[in-house]
Amino acid sequence: MVNLDKYSSIFIANWKLNGNSSFLKDYYEKLKVNSNNCTIICSPSIYLKSLKRNNESLFCGAQDVSSYKEGAYTGELSASMLRDNNIDFCLVGHSERRQYFAETNDNVNIKSSNLIEENIIPVICIGETLEQKENNLTEQILSTQIKDGIPSSANHQNALIAYEPVWAIGTGLTPTLDEINQVHELIKHFDTKFRNFKVLYGGSVKSSNSKEINDLNHVDGCLIGGASLKVDEFNIIIS
Ligand code: 13P
């Protein structure tokens with residue numbers, strides 16, 4: 001399992017449903033990783049085997065995994081198959097999976113547990129919708145997502161948490177820096193168990209705001225969607 005304690009920050013590119021072979025080739029020709037940080041590229045699953053890694057500061061991640069370990073589940077990809085292909089990280093419970101594929105906290109819990117068994121680090125995504133925020137439900141929603149979605153086997157060395165407010169994803173909107181720091185602190189204090197967890201921020205991170213967000217004392221890195229598709233911009237974010 002990757003030793004997360006080695007890195008000053010963790011940056012994850014979530015390409016979502018984007019990319020093709022020539023995009024990938026061009027991307028890795030231009031990508032400049034910083035050896036102090038951990039950089040993880042999460043591609044669509046068909047490209048996972050073409051992703052590059054140096055096992056020092058550059059790794060590969062999947063965007064999802066099956067809840068099932070094996071059997072008659074057409075179209076699925078198991079945690080052991082990811083391990084068999086040297087995938088070290090996997091996003092779990094991204095809000096788009098919760099929204100469009102009806103993923104529940106229970107699914108997130110099972111997937112994360114299966115990944116940990118295979119020495120793959122789950123990046124467990126949590127976050128509130130705008131409606132929940134406006135109704136002052138952020139703390140309650142995050143607490144439930146954490147309590148029900150994070151398996152008992154998870155610890156600060158084998159799992160990551162990503163806080164992505166749903167209303168900040170792909171919108172250009174972000175919480176204020178104070179809000180981000182406060183929510184990250186809250187997450188780390190829901191239970192003593194989470195005190196040392198690394199918590200990444202995601203939602204409209206760009207080269208123009210990544211430094212100030214990542215410099216916040218309770219933020220341990222960023223999960224980047226749209227801006228990670230532009231390699232020149234991503235290079236600035238991870239530099
Ligand atoms: P954007 O960076 O495009 O807002 O997406 C964030 C995200 O969903 C990363 O997982």
Side-chain angles (χ1 to χ4, degrees), residues 9-19 23 27 31 37-45 47-48 51 59-65 87-103 105 107-108 111-112 115 120-130 132-133 138 141-142 145-146 149-150 159-177 179-180 183-184 187 197-214 216 219-239:
S9 297
I10 298 170
F11 294 102
I12 306 182
N14 177 8
W15 287 358
K16 308 190 180 184
L17 188 54
N18 296 290
F23 169 84
Y27 200 91
L31 183 67
N37 296 330
C38 179
T39 299
I40 304 148
I41 309 290
C42 297
S43 73
S45 52
Y47 298 115
L48 286 173
L51 296 180
F59 299 93
C60 316
Q63 296 176 11
D64 187 33
V65 66
I87 303 304
D88 288 304
F89 294 84
C90 182
L91 305 181
V92 187
H94 191 281
S95 67
E96 289 150 13
R97 298 223 50 94
R98 294 178 190 260
Q99 186 179 351
Y100 304 126
F101 303 95
E103 191 146 302
N105 290 327
N107 299 141
V108 173
K111 290 179 177 193
S112 301
L115 289 164
I120 297 170
I121 295 178
V123 182
I124 301 166
C125 302
I126 58 173
E128 81 287 359
T129 63
L130 186 57
Q132 290 161 343
K133 179 181 164 62
T138 301
I141 294 296
L142 298 181
Q145 288 175 333
I146 286 181
I150 301 191
L160 288 166
I161 295 174
Y163 170 55
E164 297 203 298
V166 180
W167 53 273
I169 295 177
T171 57
L173 303 171
T174 56
T176 64
L177 293 175
E179 280 173 331
I180 294 174
V183 173
H184 281 233
I187 291 167
F197 264 67
K198 291 191 188 295
V199 183
L200 315 184
Y201 170 79
S204 295
V205 174
K206 324 183 249 291
S207 55
S208 56
N209 63 10
S210 59
K211 183 166 175 3
E212 57 189 12
I213 293 174
N214 191 50
L216 294 167
V219 173
D220 302 294
C222 297
L223 174 52
I224 305 118
S228 76
L229 294 170
K230 300 173 209 137
V231 65
D232 294 334
E233 175 150 18
F234 190 59
N235 279 337
I236 298 172
I237 295 172
I238 65 178
S239 66

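Just so you know, ligand 1 is whichever comes first in the structure, and atom 1 is the first atom listed for that ligand.
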**OP:** Compute the minimum heavy-atom distance from Lys206 to ligand 1 and say whether it is under 4.0 Å.
**Re:** no
**OP:** May I ask you to list the atoms of ligand 1 that are less than 4.0 angstrom from any heavy atom of Gly170?
**Re:** 1 (P), 3 (O), 4 (O)
Subject >> Heavy atom of the protein closest to atom 6 (C) of ligand 1 (residue, atom name, distance) >> reply: Glu164 OE2, 3.5 Å
Original post:
Which residue owns the protein heavy atom closest to atom 2 (O) of ligand 1, what's the atom, and how far is it?
Top reply: Gly225 N, 2.9 Å
**OP:** Return yes if some donor-acceptor pair links the side-chain N/O of Asn14 with the main-chain N/O of Gly225 below 3.5 Å, else return no.
**Re:** no
Original post:
Considering only heavy atoms, does Ala168 approach ligand 1 within less than 4.0 Å through its side chain, its backbone, both, or neither?
Top reply: backbone
Subject >> Gly203 near ligand 1 by a heavy-atom separation under 4.0 Å >> reply: yes
**OP:** Starting from atom 5 (O) of ligand 1, locate the nearest protein heavy atom and write down its residue, its atom name and how far away it is, to 0.1 Å.
**Re:** Lys16 NZ, 3.3 Å
Subject >> Proximal ligand 1 atoms for Ser204, defined as those under 4.0 Å from one of its heavy atoms >> reply: 1 (P), 2 (O), 4 (O)
Original post:
Starting from atom 3 (O) of ligand 1, which protein heavy atom do you reach first, and at what distance in Å?
Top reply: Gly226 N, 2.8 Å
Subject >> Test item: Cys222 and Ile213 side chains (from C-beta on) under 4.5 Å apart, heavy atoms >> reply: yes
Subject >> Identified side-chain contact (heavy atoms from CB on, under 4.5 Å) counterpart of Phe11 within the set Leu200, Asn37, Leu223 >> reply: Asn37
Subject >> Heavy-atom side-chain contact between Pro44 and Gln63 under 4.5 Å >> reply: yes
**OP:** Evaluate the ring-ring contact (aromatic ring centres under 6.0 Å, His included) criterion for residues Tyr47 and Trp15: first the C-alpha distance (whole Å), next the side-chain angles of each, then the deciding distance (0.1 Å), finally the verdict.
**Re:** CA-CA 11 Å; Tyr47 298 115; Trp15 287 358; 7.8 Å; no
Subject >> Where ligand 1 meets Asn14 - atom numbers and elements under 4.0 angstrom, heavy-atom basis >> reply: 9 (C), 10 (O)
**OP:** Indicate whether any N or O donor in one side chain lies under 3.5 Å from an N or O acceptor in the other, for Asn105 and Arg98.
**Re:** yes
Subject >> Pair Ser210-Phe234, side chain to side chain contact (heavy atoms under 4.5 Å, CB included): steps then yes or no >> reply: CA-CA 10 Å; Ser210 59; Phe234 190 59; over 6 Å; no
